[in-house]
Number of protein chains: 2
Amino acid sequence: MDSSDTTGPGVKSATRTVALLDFFARQGGMYSLSAIQQELGYPKSSLYALLRTLVQLGWVETDPTGTLYRIGMRALLVGASYIDGDPVVGMAHETLEWLAEVTGETVHFGRLDDVEVVDLSSRPSRHDLRPVVRVGRRVPVHSTALGKALLADRPTPRLPDELERQTENTITDRRALAEELRRVRERGYAADREENSTGICCFAVVLRLQRPARDAISVSVPATRLTKAAEREIPALLMRARERIEYSAHHLLH
Amino acid sequence: MDSSDTTGPGVKSATRTVALLDFFARQGGMYSLSAIQQELGYPKSSLYALLRTLVQLGWVETDPTGTLYRIGMRALLVGASYIDGDPVVGMAHETLEWLAEVTGETVHFGRLDDVEVVDLSSRPSRHDLRPVVRVGRRVPVHSTALGKALLADRPTPRLPDELERQTENTITDRRALAEELRRVRERGYAADREENSTGICCFAVVLRLQRPARDAISVSVPATRLTKAAEREIPALLMRARERIEYSAHHLLH
DNA sequence: CAGATCTGTTCAGATATGCGAACAGTGGCT
DNA sequence: AGCCACTGTTCGCATATCTGAACAGATCTG
């Protein structure tokens with residue numbers, strides 16, 4: 001069987017299983033059988049058997065009446081293990097600590113997934129310890145420093161169908177974004193000037209562990225704290241952090 | 001079809017799909033095809049097809065050689081959505097904020113899963129802002145305040161096969177644990193005196209949203225900060241937090 | 001209260017997966 | 001080198017899933 005066939009991926013019910021889980025993840029609520037069937041297009045009876053199986057295994061939960069479905073807790077456990085098992089996140093950990101310490105700001109570790117960036121690790125700012133747990137959440141690729149840093153490293157960046165406006169500074173034009181990516185390549189780091197979230201600016205650099213880069217690290221700064229000095233220092237610190245991470249990585253991989 | 005049948009759960013390859021993901025989550029590393037086959041006992045060729053399917057879908061990743069498998073990023077995204085979609089976690093959120101604020105300590109929201117507690121939400125202490133992201137991780141049920149609070153609410157608590165020793169204070173005897181649970185019921189809250197982690201004490205109460213309780217909230221305090229006053233105040237604050245959460249829950253559910 | 005129109009559920013035939021065995025690489029050992 | 005033990009990979013038949021249509025239960029409506 002050819003892998004790029006019209007038959008789609010090999011095992012049908014495995015494909016559907018994860019498609020179902022993906023559906024719950026994207027929509028994030030409770031859905032009835034028929035609602036799911038309308039969305040995914042699978043036959044009712046197939047979904048029925050599948051859902052019952054997954055409920056039995058704890059991967060899908062139902063409401064007390066047994067008629068509304070949502071994602072189950074086992075999914076959470078498995079998801080968390082992705083981070084624990086990732087060698088790069090593990091190696092980057094102490095350097096991100098250091099980076100948060102010297103900047104006093106919030107740092108993130110992001111990984112490109114299709115046309116979005118997934119936050120794999122967050123270290124809150126020293127100042128505002130908001131409980132924002134963003135780990136495992138997606139952020140747009142065109143309006144964040146993480147995303148732009150990663151896009152800039154690709155010869156032909158894949159972009160979402162529409163560059164959704166997040167703030168009044170968001171770059172929504174594809175030409176303008178291409179130009180911005182050129183500047184990112186030139187400078188060696190990406191910046192986000194309240195393009196994703198009003199009042200928040202970010203800087204990011206990619207980790208050059210594979211080509212094109214898959215991972216990036218960033219520092220987020222409230223616009224009010226973004227002095228001229230900080231604008232110079234933070235990118236420099238990011239690059240030092242990158243060196244440290246890349247160094248450990250090369251040692252680990254011999 | 002009977003639910004407690006010898007046929008096992010309905011759709012075989014869905015069962016295997018999630019069993020495979022569970023395997024990766026528990027072991028948390030990279031495994032070869034034959035290693036997985038030894039562990040799970042499925043035929044090689046079946047696993048082969050399944051793994052290829054899941055790799056194609058981003059739920060399993062391979063190393064550069066394509067011979068070692070690990071959990072993929074999509075699993076992380078789906079797991080994170082469990083927390084976002086949970087109504088109780090959502091409602092408890094601002095109360096946990098408040099609890100962290102008034103105590104100045106780290107608070108957790110835990111949910112019972114089989115014989116372990118899963119951390120669904122953490123709010124770091126005001127003092128030591130360690131980046132401990134424990135969300136999605138399991139903690140033992142017998143050595144934590146969260147676990148003991150939840151166990152105490154069950155008529156016949158399910159326990160792990162062995163009560164593993166975590167610190168020198170861990171209760172490892174089943175009789176002693178039963179006695180401890182009796183005290184928890186009497187007092188209305190559970191305490192952990194460095195039983196799970198040396199230097200850390202916890203208090204926890206269950207949320208009475210269903211019988212037996214499924215969720216609990218806790219406050220963790222470094223043993224060095226645990227004054228007599230704190231020992232009285234923290235359980236009282238936990239109970240106030242519980243009232244607030246239960247109140248919002250009943251409003252939401254009418 | 002009957003009819004209409006949604007739900008979730010079951011069933012037997014069409015169809016795709018699952019299985020063991022044989023094949024093909026790879027590295028280690030004498 | 002040659003053999004051996006071990007991987008990952010492919011392939012055809014037995015078998016279990018998938019499916020569409022029919023059934024049943026609930027809610028709404030005039």
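Note that these values count all heavy atoms, side chains included, but never hydrogens, waters or copies made by symmetry.
No more than 12 heavy atoms of other residues, nucleotides or ligands lie within 6.0 Å of CD in E164(A), so this atom counts as exposed by the packing criterion.
Helix bend of the helix from dC1(C)-dG30(D) to dT30(C)-dA1(D): the angle between its two end axes, each built from five pairs, comes to 30° after rounding to 10°.
Within the structure, every side-chain polar atom (N or O) of Y48(A) is placed at least 4.0 Å from both OP1 and OP2 of dG8(C). Using a 4.0 Å cut-off, no side-chain N or O of R52(B) falls inside it from OP1 or OP2 of dT10(D). For dG8(C), one of the phosphate oxygens OP1 or OP2 lies less than 4.0 angstrom from a side-chain nitrogen or oxygen of S34(A).
Rounding to the nearest 0.5 angstrom, the gap separating the CG atom in L77(B) from the OH atom in Y82(A) is 9.0 Å. I71(B) CD1 to D86(A) CG: the interatomic distance, rounded to the nearest 0.5 Å, is 12.0 Å. The distance from the CH2 atom of W59(B) to the CE atom of M73(B) is 12.5 Å, given to the nearest 0.5 Å.
Within the 4.5 Å cutoff, the side chain of I217(A) has heavy atoms near those of the V205(A) side chain. Put simply, the side chain of F109(B) reaches to within 4.5 Å of the side chain of D215(B), judged on heavy atoms. The shortest distance between side-chain heavy atoms of T144(B) and H108(B) does not fall below 4.5 Å.
Between the P atom of dT10(D) and the CG atom of L33(B) lies a distance of 12 Å, rounded to the nearest Å. What separates CG of L47(B) from P of dC19(C) is a distance of 9 Å, to the nearest Å. In this structure, R16(A) places its CZ atom 19 Å from P of dA16(D), rounding to the nearest Å. Here dT9(D) presents its P atom at 14 Å from CG of L50(B), a figure rounded to the nearest Å. Per the geometry, OH belonging to Y69(A) stands 10 Å off C1' belonging to dT9(C), to the nearest Å. Here the C1' atom of nucleotide dA16(D) and the OH atom of Y42(B) are 16 Å apart, to the nearest Å. Across the protein-nucleic acid pair, L40(B) atom CG and dC19(C) atom P stand 12 Å apart, rounded to whole Å. Nucleotide dG8(C) holds its C1' atom 15 Å from the CD atom of Q38(A), rounded to whole Å.
Considering only the side chain of K44(A), dT9(C) comes nearest among dT9(D), dT17(D), dT9(C). Considering only the side chain of P43(B), dG20(C) comes nearest among dC18(D), dG20(C), dT9(D). Candidate nucleotides dT19(D), dT9(C), dT7(D) were compared by shortest atom distance to the side chain of K12(A), and dT19(D) ranks first. Distances were taken from every side-chain heavy atom of T67(A) (C-beta onward) to each of dG8(D), dG8(C), dG18(C); the shortest belongs to dG8(C). Distances were taken from every side-chain heavy atom of V11(B) (C-beta onward) to each of dG20(D), dT17(D), dT9(D); the shortest belongs to dT17(D).
Between D153(A) and the options Q210(A), R211(A), R208(A), R214(A), a side-chain hydrogen bond (donor to acceptor under 3.5 Å, both in side chains) holds for only R211(A).
The residue among S45(B) and S32(A) whose nearest nucleotide of DNA chain C lies closer to the 5′ end is S32(A).
Within the 4.0 angstrom heavy-atom criterion, only backbone atoms of the sugar-phosphate kind lie near S13(B); the bases stay farther away.
By the side chain to side chain donor-acceptor pair (under 3.5 Å) test, Y189(A) is found to be paired with no residue, residues two or more places apart in sequence or in another chain being considered.
Applying a 4.0 Å cut-off to non-hydrogen atoms, none of the residues of residues 21-29 of chain A approaches DNA chain C.
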Before giving the answer on side-chain contact (heavy atoms from CB on, under 4.5 Å), spell out for D113(B) and R138(B) the whole-Å C-alpha distance, their side-chain angles and the decisive distance to 0.1 Å. CA-CA 9 Å; D113(B) 175 50; R138(B) 309 172 204 239; 4.2 Å; yes
